**Student:** 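Can you keep this structure in mind? I'll have questions shortly.
Remember, predicted model here, so these are calculated numbers, not experimental data.
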Amino acid sequence: MNKLIDIKEASLEELNLYIDCSETNLKHCNEPEKGYFIAESVKVIERAMEAGFKPVSMLMEYKHFEGEARELVESVSDINIYLGDKKEIRDKIGYELTRGALCIFNRAEYISIEETVKNARRIAVMDNVENPTNMGAIVRSAAAIGIDAVIFARGCSDPLFRRSIRVSMGNIFIIPWTVYKSENYMDILKGLGFKTVAMALRSNTINIEDKEIKKEDKLAIILGNEGDGLPEETLDKCDYIVKIPMREGVDSLNVAAASAIAFWELV
């Protein structure tokens, strides 16, 4: 049975993860064991639970507990649920809940690339995409347009950072994904039968509408850093390098916007 705790009665110690909820603190506080991450809003919390992540505790306003979160609360057991009105919560933890509910989850082990892309035909690979907002937006587009899986390669920020989860609208919990930090991800993908396509401002690019690319049975779409793009050694390994046609004088799009166009064209 869940334990319902009025936030006015809760100690600061037991609320510590909500008060000191920096990404670094949450991720590393249990080392060498896996740490935690926070999901916010009832819908996103539900998606995380459906994906198999285990809740540790919840914090929410009474109006959500008595309303849209009722089924969510009934679906969990043996956790603390801290409750209060908006002002009480703000006074206790130092900030206002913008979406009415937070949940702390246990992290899980990352699965292999092979397991992640099993049965996939179109995947997205982020290489050194550091901005959590861009990462979340790319995941949202990938899930919406039909990308089968996502790989977060070297240099990416954590896909379970709170902002990334929020911008993805919880779609990070719907699409298969993994984190793989080594530089040899291209070799693994090619060994699994994927052709690779990257976007870059190079002279040897082809139009993204090229029919030969769309005919490929298995395709990995490689997305690079917002400022620097993809490393030259990565581009040299790609089977295709494409460019989105743009008005003269404009040379590039934000990586999240470019990804949505690429996914639409290549899926």
**Student:** Considering only residues two or more places apart or on different chains, which pairs with a residue in residues 132-167 satisfy ring pair (Phe, Tyr, Trp, His ring centres under 6.0 Å)?
**Tutor:**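 Qualifying pairs: F152-W177.
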**Student:** Between D210 and K214, is a salt bridge (Lys or Arg N to Asp or Glu O under 4.0 Å) present by the stated rule, with each step listed?
**Tutor:** CA-CA 7 Å; D210 187 274; K214 297 182 181 184; over 6 Å; no
**Student:** Cut-off 3.5 Å, no hydrogens considered: what does the side-chain donor-acceptor table look like for residues 65-76, sequence neighbours left out?
**Tutor:**
unit_1: E68; atom_1: OE2; unit_2: H64; atom_2: ND1; d: 2.8
unit_1: S75; atom_1: OG; unit_2: L72; atom_2: O; d: 2.6

**Student:** Can you list everything that forms a side-chain contact (heavy atoms from CB on, under 4.5 Å) with Y95? Sequence neighbours excluded, please.
**Tutor:**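 Counting only residues at least two positions away or on another chain, Y95 forms a side-chain contact (heavy atoms from CB on, under 4.5 Å) with Y18, C21, I93, L97, L102, R162.
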**Student:** If you take all heavy atoms of A260 and I145, which pair is closest and at what distance?
**Tutor:**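 Here A260 and I145 meet closest at O-CD1, 3.6 Å.
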**Student:** Could I get the full list of salt bridge (charged side-chain N to carboxylate O under 4.0 Å, His left out) partners for D158, not counting sequence neighbours?
**Tutor:** K27, R107
**Student:** Of all heavy-atom pairs between I165 and S168, which one has the smallest distance, and what is that distance?
**Tutor:** O-OG, 2.9 Å
**Student:** Could you check K118 against E115 for salt bridge (Lys or Arg N to Asp or Glu O under 4.0 Å), going step by step and ending with a plain yes or no?
**Tutor:** CA-CA 5 Å; K118 183 176 61 178; E115 181 67 20; 3.1 Å; yes
**Student:** Are K190 and D239 side-chain neighbours, meaning at least one heavy-atom pair lies under 4.5 Å?
**Tutor:**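 The answer is yes; the side chains approach within 4.5 Å.
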**Student:** Using the salt bridge (charged side-chain N to carboxylate O under 4.0 Å, His left out) criterion, which residues pair with E212? Sequence neighbours excluded.
**Tutor:**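 In terms of salt bridge (charged side-chain N to carboxylate O under 4.0 Å, His left out), with neighbours along the sequence ignored, E212 is linked to K215.
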**Student:** Excluding sequence neighbours, so at least two apart, what forms side chain to side chain donor-acceptor pair (under 3.5 Å) with N2?
**Tutor:**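 Side chain to side chain donor-acceptor pair (under 3.5 Å) list for N2, sorted by chain: empty.
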**Student:** Salt bridge between K43 and E46, side-chain N to carboxylate O under 4.0 Å?
**Tutor:** no
**Student:** Salt bridge check, E216 against K195: does any charged N sit closer than 4.0 Å to a carboxylate O?
**Tutor:**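 No, this pair does not count.
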**Student:** Return the set of residues passing salt bridge (charged side-chain N to carboxylate O under 4.0 Å, His left out) with E109 (not counting sequence neighbours), or none when no residue passes.
**Tutor:**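 Once residues adjacent in sequence are excluded, the partners of E109 under the salt bridge (charged side-chain N to carboxylate O under 4.0 Å, His left out) criterion are K34.
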**Student:** Return the set of residues passing side chain to side chain donor-acceptor pair (under 3.5 Å) with R121 (not counting sequence neighbours), or none when no residue passes.
**Tutor:**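 So R121 forms a side chain to side chain donor-acceptor pair (under 3.5 Å) with D217.
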**Student:** Is there a side-chain contact between M126 and V139, using heavy atoms and a 4.5 Å cut-off?
**Tutor:** yes
**Student:** What closest approach, in Å, do G155 and E130 show between heavy atoms, and which atom pair accounts for it?
**Tutor:** O-CG, 3.5 Å
**Student:** Please list all pairs passing the ring pair (Phe, Tyr, Trp, His ring centres under 6.0 Å) test where one or both residues lie in residues 245-267, with sequence neighbours left out.
**Tutor:** none
**Student:** Can you check whether L83 reaches I5 side chain to side chain, under 4.5 Å on heavy atoms?
**Tutor:** no
**Student:** List in chain and number order the residues that pass salt bridge (charged side-chain N to carboxylate O under 4.0 Å, His left out) with K181, two or more places apart in sequence or in another chain; answer none if no residue qualifies.
**Tutor:** none
**Student:** Tell me the ring pair (Phe, Tyr, Trp, His ring centres under 6.0 Å) pairs involving residues 36-60, sequence neighbours left out?
**Tutor:** F37-F53, F37-F105, F37-F173, F53-F173
**Student:** Identify the two heavy atoms, one from K92 and one from I19, that lie closest to each other, and give their separation to 0.1 Å.
**Tutor:** O-CD1, 4.1 Å
**Student:** Mind checking who shares a hydrophobic cluster with M186, ILVMFWY linked at side-chain heavy-atom distances under 4.5 Å?
**Tutor:**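 Besides M186, the hydrophobic cluster comprises I113, V117, I123, V125, I151, Y180, Y185, I188, L189, L192, F194, I222, L230, L235, I241, listed by chain and residue number.
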**Student:** Measure across L266 and I208 and return the closest heavy-atom pair with its distance rounded to 0.1 Å.
**Tutor:**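 Minimum heavy-atom contact is CD2-O, 4.0 Å.
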**Student:** Between D6 and K8 (salt bridge meaning N to carboxylate O under 4.0 Å), is one present in this structure?
**Tutor:** yes
